[in-house]
Asker: 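Handing you this structure, nothing more for now.
Heavy atoms only: backbone and side chains are in, while hydrogens, waters and symmetry mates are out. We count ligands from 1, going down the list as the structure has it; atoms in each ligand are counted the same way. Since we're looking at a predicted model, the values are computed, not measured.
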Amino acid sequence: MIVKETHRAEILDGRAAAAEIKSEVAVEVTVLKSEYGVTPRLAAVLVGDDAASAVYVRNKIRACEEVGIASDQLLLTATTTTDELLSVVVALNQNDEVDGILVQLPLPKQIDDSVIIEAIDPAKDVDAFHPTNAGLLAMGRPRFVPCTPAGIIELLNRNKIEIAAANACVVGRSQIVGRPIASLLLQRNATVTICHSQTRHLPHVTRQADILIAAIGRPAFIRGDFIKPGATVIDVGVNKVTDIDRARNYFAHEAERRIQAIEKRGYTLVGDVHPADADRIAGKRTPVPGGVGLLTVAMLMKNTLQAAKWRRGL
Ligand code: NDP
């Protein structure tokens, strides 16, 4: 494909897809209530006072209200021990009213997060980080699927992006994004390459991808020469930019708006993909904000609804 100077990648709108998913969930929640008298319930546990985590939990509780899912927010102090958090999780496992348990990560450093994740009842594991759910997904028999990867698949589906037989490349191999999205793409018959910090000739590898997924945690790391012309680029990263010159370099046509945001609240967000480069080279790309992050919350609602149905054999 020849890329024209005037080319600008089509934006894959996470906001619209998330709104669609939430309204579908809301319809199902209404049916569940009227036909079975069941209101799905999510318990969200927030430990400590990390500002970003508090915002994430607030957004999740707000989404529950939007779709008619009941929610409880459990706030624990920053000095909570592994044993104390464990007893909270055990009580939620035993509480029959609770369908989904979410423990917001990251946890304070004195808490052993694998102990906590493994204690969550896999049937209530709406974040899908429990080894049982991770294992089922890796085996190609997914039950609960982690929300961010599930949201990416929804976005690809809803935008009619062909996955089967596509060359897909995932940069990042975390348990919460990289590995599960690679499993899902494989299950959908993509030819999947997983890259990480030890990958050699990374731009050469990523340039083969029809679908490129960046889940790295480094601002604007994926430059134009990493992207196959016309590719679909999914940007999972969320990074703060505080420097005005950087913002000007990253955002090109929307630089002024982003610089105003920095001047107003001290930062603007950029993903792991250089947005101006992706605009020039990619066929389609997700924005940050307004892309994958919104789908993550929508898929949590879907997983909680699913948990409420499955626990009752519906
Ligand atoms: P992790 O830090 O757990 O994993 C990062 C991955 O990137 C690792 O596998 C690492 O490789 C790889 N990596 C790091 N540097 C390089 C490099 N130079 N070249 C190639 N690969 C590299 O991050 P997460 O997966 O948890 O998150 C990734 C990003 O996505 C973050 O910005 C995070 O904030 C965001 N995020 C967004 C969500 C959303 O809803 N929008 C949800 C979850 C995360 P290695 O394994 O070798 O160290």
Asker: More than 12 heavy atoms of other residues, nucleotides or ligands under 6.0 Å from CZ of Arg141: is that the case?
Answerer: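 Atom CZ in Arg141 is not crowded, with 12 or fewer foreign heavy atoms closer than 6.0 Å.
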Asker: Which residue supplies the protein heavy atom nearest to atom 9 (O) of ligand 1, what is that atom called, and how far is it?
Answerer: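 Atom 9 (O) of ligand 1 sits closest to the protein heavy atom Arg173 N, 2.8 Å.
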Asker: What residue and atom, counting heavy atoms only, is the protein's closest point to atom 3 (O) of ligand 1, and at what distance?
Answerer: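 Result for atom 3 (O) of ligand 1: Ser174 CB, 3.3 Å.
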Asker: Going by the closest heavy atom to atom 5 (C) of ligand 1, which one wins out of Ile216, Val171, Thr148?
Answerer: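 Selected option, by shortest heavy-atom distance: Ile216.
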Asker: Decide, yes or no, whether a salt bridge links Arg62 with Glu65 under the criterion of side-chain N to carboxylate O below 4.0 Å.
Answerer: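 Not counted as a salt bridge, because no side-chain N and carboxylate O are separated by less than 4.0 Å.
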Asker: Considering residues, nucleotides and ligands other than Lys33, do more than 12 of their heavy atoms fall under 6.0 Å from its NZ?
Answerer: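 Count over threshold, so yes.
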Asker: Relative to atom 26 (O) of ligand 1, which among Leu269, Ile176, Leu202 owns the nearest non-hydrogen atom?
Answerer: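 That would be Ile176.
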Asker: Could you check whether Asp210 pairs with Lys228 (Lys NZ or Arg NE/NH1/NH2 to Asp/Glu carboxylate O, under 4.0 Å)?
Answerer: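 Salt bridge: yes.
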Asker: Looking at Arg311 and Asp99, is there a salt bridge between them, counting it only when a charged N and a carboxylate O are closer than 4.0 Å?
Answerer: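 Salt bridge between Asp99 and Arg311, a charged N being under 4.0 Å from a carboxylate O: yes.
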Asker: Counting non-hydrogen protein atoms only, what is the nearest one to atom 19 (N) of ligand 1? Give residue, atom name and distance.
Answerer: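 Of every protein heavy atom, Phe221 CZ, 3.7 Å lies nearest to atom 19 (N) of ligand 1.
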Asker: Please report whether ligand 1 has a polar contact with Val238, defined as an N or O pair separated by less than 3.5 Å (distance criterion only).
Answerer: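 Between Val238 and ligand 1 (N or O atoms, distance only) the closest approach is under 3.5 Å.
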Asker: Would you mind checking which non-hydrogen protein atom is closest to atom 15 (N) of ligand 1, with the distance to 0.1 Å?
Answerer: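 Heavy-atom neighbour on the protein nearest atom 15 (N) of ligand 1: Arg218 NE, 3.0 Å.
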Asker: For ligand 1, indicate whether the residue Val236 contacts it via side chain, backbone, both or neither (heavy-atom separation under 4.0 Å).
Answerer: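 Both the backbone and the side chain of Val236 come within reach of ligand 1.
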Asker: Using a 4.0 Å cutoff against the non-hydrogen atoms of Gly172, which atoms of ligand 1 qualify?
Answerer: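 In order of numbering, the contacting atoms are 6 (C), 7 (O), 9 (O).
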Asker: A quick test of your reading: do over 12 heavy atoms of other residues, nucleotides or ligands sit less than 6.0 Å from CZ of Arg312?
Answerer: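 More than 12 heavy atoms, drawn from other residues, nucleotides or ligands, come within 6.0 Å of this atom.
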Asker: In the protein, which heavy atom is nearest to atom 43 (C) of ligand 1, and how far is it?
Answerer: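 That would be Val177 CG2, 3.7 Å.
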Asker: What protein heavy atom lies closest to atom 39 (C) of ligand 1? Include the residue and the distance to one decimal.
Answerer: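 Answer for atom 39 (C) of ligand 1: Thr296 OG1, 3.8 Å.
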Asker: Specify the protein heavy atom at minimum distance from atom 31 (C) of ligand 1: its residue, its atom name, and the distance to 0.1 Å.
Answerer: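 Here the closest protein heavy atom is Gly217 CA, 3.6 Å.
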Asker: Would you say atom 13 (N) of ligand 1 has a protein heavy atom nearer than 4.0 Å?
Answerer: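 Within 4.0 Å: yes, protein heavy atom nearby.
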Asker: Show the atoms of ligand 1 that are less than 4.0 angstrom away from any heavy atom in Gly237.
Answerer: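 Those of ligand 1 that fall under 4.0 Å from Gly237 are 29 (C), 30 (O), 32 (O), 35 (C).
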Asker: Can the positive tip of Arg248 be found less than 6.0 Å from the middle of the six-membered ring of Phe251, inside 45° of the ring normal?
Answerer: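 That pair does not qualify as a cation-pi contact.
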Asker: Just wondering, more than 12 heavy atoms not from His196 lying within 6.0 Å of its NE2?
Answerer: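 Counting neighbours around NE2 of His196, more than 12 heavy atoms of other residues, nucleotides or ligands fall under 6.0 Å, so yes.
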Asker: What pairs with Lys284 under side-chain hydrogen bond (donor to acceptor under 3.5 Å, both in side chains), at least two apart in sequence or on another chain?
Answerer: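 Lys284: no side-chain hydrogen bond (donor to acceptor under 3.5 Å, both in side chains) contacts found.
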Asker: Tell me the protein heavy atom at minimum distance from atom 20 (C) of ligand 1, and give that distance in Å.
Answerer: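 It is His196 O, 3.2 Å.
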Asker: Charged N to carboxylate O below 4.0 Å: is that the case for Glu28 and Lys302?
Answerer: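 Salt bridge: no.
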Asker: Backbone, side chain, both or neither: what part of Gln175 comes under 4.0 angstrom of ligand 1, heavy atoms only?
Answerer: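 None of Gln175 does.
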Asker: Only counting residues at least two apart or in another chain, list the ones meeting salt bridge (charged side-chain N to carboxylate O under 4.0 Å, His left out) with Glu24.
Answerer: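 Residues passing salt bridge (charged side-chain N to carboxylate O under 4.0 Å, His left out) with Glu24: Arg158.
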Asker: Going by heavy-atom distance to atom 10 (C) of ligand 1, choose the closest among Ser197, Pro106, Pro289, Cys195.
Answerer: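 Ranked by closest heavy atom to atom 10 (C) of ligand 1, first place is Ser197.
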